[in-house]
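Fair warning: this is a prediction, and the values are worked out from it, not measured in the lab. For the single chain, residues carry numbers from 1 onward in sequence order. Just so it is clear, the values below take in all heavy atoms, side chains as well, and ignore hydrogens, waters and symmetry mates.
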Amino acid sequence: MASQLSSLCLPNSPSLPFNFSLCRARPSLAPPAATPSLSSSSPSPSFQIVGGRNSGWRGTGVAQFGGDEEEADWLDLDADLCHWTKGLRTVQWYPGHIAKTEKELKEQLKLMDVVVEVRDARIPLSTTHPLMDSWLGTRKRILVLNREDMISKADRNAWATYFTKQGIKVIFANGQLGMGTMKLGRLAKTLAADVNVKRRAKGLLPRAVRAGIVGYPNVGKSSLINRLLKRRMCPAAPRPGVTRELKWVHFGKDLELLDSPGIIPMRISDQVAAIKLAICDDIGEKSYNVADVAAILVQMLTRLPAVGVGVLQNRYKIDVDGHCGDIFVQKVALQLFNGDIHQAAFRILSDFRKGKFGWVALERPPR
């Protein structure tokens, strides 16, 4: 198989800055009859990713991390991601219902006592709308980092410290199991308690606290509400775009919650963030090439201290050659899916999304 796969990458591709090169697959090469070929019906990866500014490897082929050196590796990885995404098809996804929802949500914000912004704990920076701060203004905000079970305790502590320094109330939650939901309900009522104090001073009867749940698609907004209410009041599924309209639901007599569809910018200018959204399934699948995204994910995982080469090799029983994520995707296709690259890429992404590689955060708090 090694000799077969070596023919899939042209070594004569022109060099790019920072030791980053692209090499395209040879579509006309046919493998020996005894070995499954790459499926012609599957979309082949548009490029292969090799190297970067700083590969992060230390002699033995094992990534080593710690202290300032670990921080430097994360910075180098972010720099490499910028270069890797330049050769990709631009990722853009803006379903028709979002424009209408955004307009309605801005009107509903005027009625809210507190806003609960839900983000993906694996990529907190990439799952916040660039206009969110301007929309909320001085309104009280609670930040929920959902899928806390998919990152390490060290990452949770790092993000808690980062947001606390900014004066933002942060709660870590698991919408699937309900962890953090009761704390969220209590905090929302506490932050908005002064609403009824002011109403009583004016001789008005108290009313329920109004909390709006906002955030990107598929970050778990509806699941959190359902867990909080202990019944399925809002449609929820593990894919973007399920919730398509605003919906108020009551939590007892003291709290009203607004479930809203995911809001995403009309145009995503930060393509590194877009690739992370694709990896974490926080954006529609039709907006990106699955094989390209899986190849970049492999590149990232080999460089992250929580994963490394060993986890990938143990998971698929396939060697990771150098730093070419594209070649690894093709190997998985040949060995497990009869050459179907799309299925192989989808399996790698699905394994990451299901936590098969362990606790993996794709972002760190900026210094």
Arg122 and Ile279, any side-chain heavy atoms less than 4.5 Å apart: no
Under 3.5 Å donor-acceptor, Ser260 side chain and Ile213 backbone: yes
Parallel, tilted or perpendicular, as decided by the 30° and 60° cut-offs, for the rings of His129 and Trp135: tilted
Separation between CG of Leu255 and CZ of Arg210, rounded to the nearest 0.5 Å: 11.5 Å
Val311 and Leu301: CA distance, side-chain angles, deciding distance, side chain to side chain contact (heavy atoms under 4.5 Å, CB included) verdict: CA-CA 9 Å; Val311 172; Leu301 294 179; over 6 Å; no
Flag, side chain of Gln271 to backbone of Val91, donor-acceptor distance under 3.5 Å: yes
Check: Trp248 side chain, Leu257 main-chain N or O, donor-acceptor pair, under 3.5 Å: no
Separation between CD of Gln313 and OG1 of Thr302, rounded to the nearest 0.5 Å: 10.5 Å
Ion pair Arg89/Asp292, N-O distance below 4.0 Å: no
Side-chain donor or acceptor of Arg156 paired with backbone N/O of Glu148 under 3.5 Å: yes
Result of checking Asp270, Val272, Ile123 against Leu277 for side-chain contact (heavy atoms from CB on, under 4.5 Å): Ile123
Plane angle bin for Phe346 and His342 - parallel if under 30°, tilted between 30 and 60°, otherwise perpendicular: parallel
ILVMFWY network linking Val249 to Val209, side-chain heavy atoms under 4.5 angstrom: yes
Atom pair OG1 (Thr128) and CD1 (Ile263), whose distance is rounded to the nearest 0.5 Å: 12.5 Å
Side chain to side chain contact (heavy atoms under 4.5 Å, CB included) evaluation trace for Lys169 with Thr190: CA-CA 12 Å; Lys169 302 285 186 180; Thr190 300; over 6 Å; no
Ile264 with Leu131, same ILVMFWY side-chain cluster at under 4.5 Å: yes
Shortest non-hydrogen contact between Ser126 and Tyr216, atoms and distance: O-CE2, 3.5 Å
Derivation and outcome, side chain to side chain contact (heavy atoms under 4.5 Å, CB included), residues Leu258 and Leu105: CA-CA 10 Å; Leu258 176 66; Leu105 183 60; 4.2 Å; yes
Min side-chain heavy-atom separation Phe352-Ile348 under 4.5 Å: no
Distance, nearest 0.5 Å, that separates NZ of Lys183 from CZ of Arg186: 8.0 Å
Test item: Leu88 and Asn289 side chains (from C-beta on) under 4.5 Å apart, heavy atoms: no
Atom of Asn218, atom of Lys221 and distance for their closest heavy-atom approach: N-NZ, 4.4 Å
ILVMFWY network linking Ile151 to Leu349, side-chain heavy atoms under 4.5 angstrom: no
Beyond-backbone contact of Tyr316 with Gln335, side-chain heavy atoms, under 4.5 angstrom: no
Smallest separation among heavy atoms of Thr181 and Arg227, with atom names: CG2-CB, 3.8 Å
Least distance between heavy atoms, Leu145 atom then Pro124 atom: CD2-CB, 4.0 Å
Side chain to side chain, Arg199 and Asn196, heavy atoms closer than 4.5 Å: yes
Shortest non-hydrogen contact between Ala121 and Arg147, atoms and distance: CB-O, 3.9 Å
Closest contact, heavy atoms only, Gln343 versus Asp340: N-OD1, 3.1 Å
Nearest-0.5 Å distance, CG of residue Leu336 to CD1 of residue Ile318: 5.0 Å
Heavy atoms from other residues, nucleotides or ligands near NZ of Lys106 exceed 12 (cutoff 6.0 Å): yes
Under 3.5 Å: donor-acceptor pair, side chain of Arg267, backbone of Gln92: no
Any side-chain heavy-atom pair of Ile341 and Gln330 under 4.5 Å: yes
Note, Pro365 side chain near Thr161 side chain (heavy atom, < 4.5 Å): no
Side-chain donor/acceptor of Asp120 to backbone N/O of Val219, under 3.5 Å: no
Interatomic spacing from NZ in Lys276 to CE in Met300 - rounded to 0.5 Å: 6.0 Å
Under 3.5 Å donor-acceptor, Ser287 side chain and Gly284 backbone: yes
Working for side chain to side chain contact (heavy atoms under 4.5 Å, CB included), residues Leu191 and Arg139: CA-CA 10 Å; Leu191 288 181; Arg139 277 182 185 80; over 6 Å; no
Minimum side-chain heavy-atom gap Phe357-Leu304 below 4.5 Å: no
ILVMFWY cluster, Met132 and Trp159 together (side-chain gap under 4.5 Å): no
Shared hydrophobic cluster, Ile275 / Leu125 (ILVMFWY, side-chain heavy atoms < 4.5 Å): no
Asp133 and Arg141: CA distance, side-chain angles, deciding distance, salt bridge (Lys or Arg N to Asp or Glu O under 4.0 Å) verdict: CA-CA 10 Å; Asp133 289 340; Arg141 178 200 297 196; 2.4 Å; yes
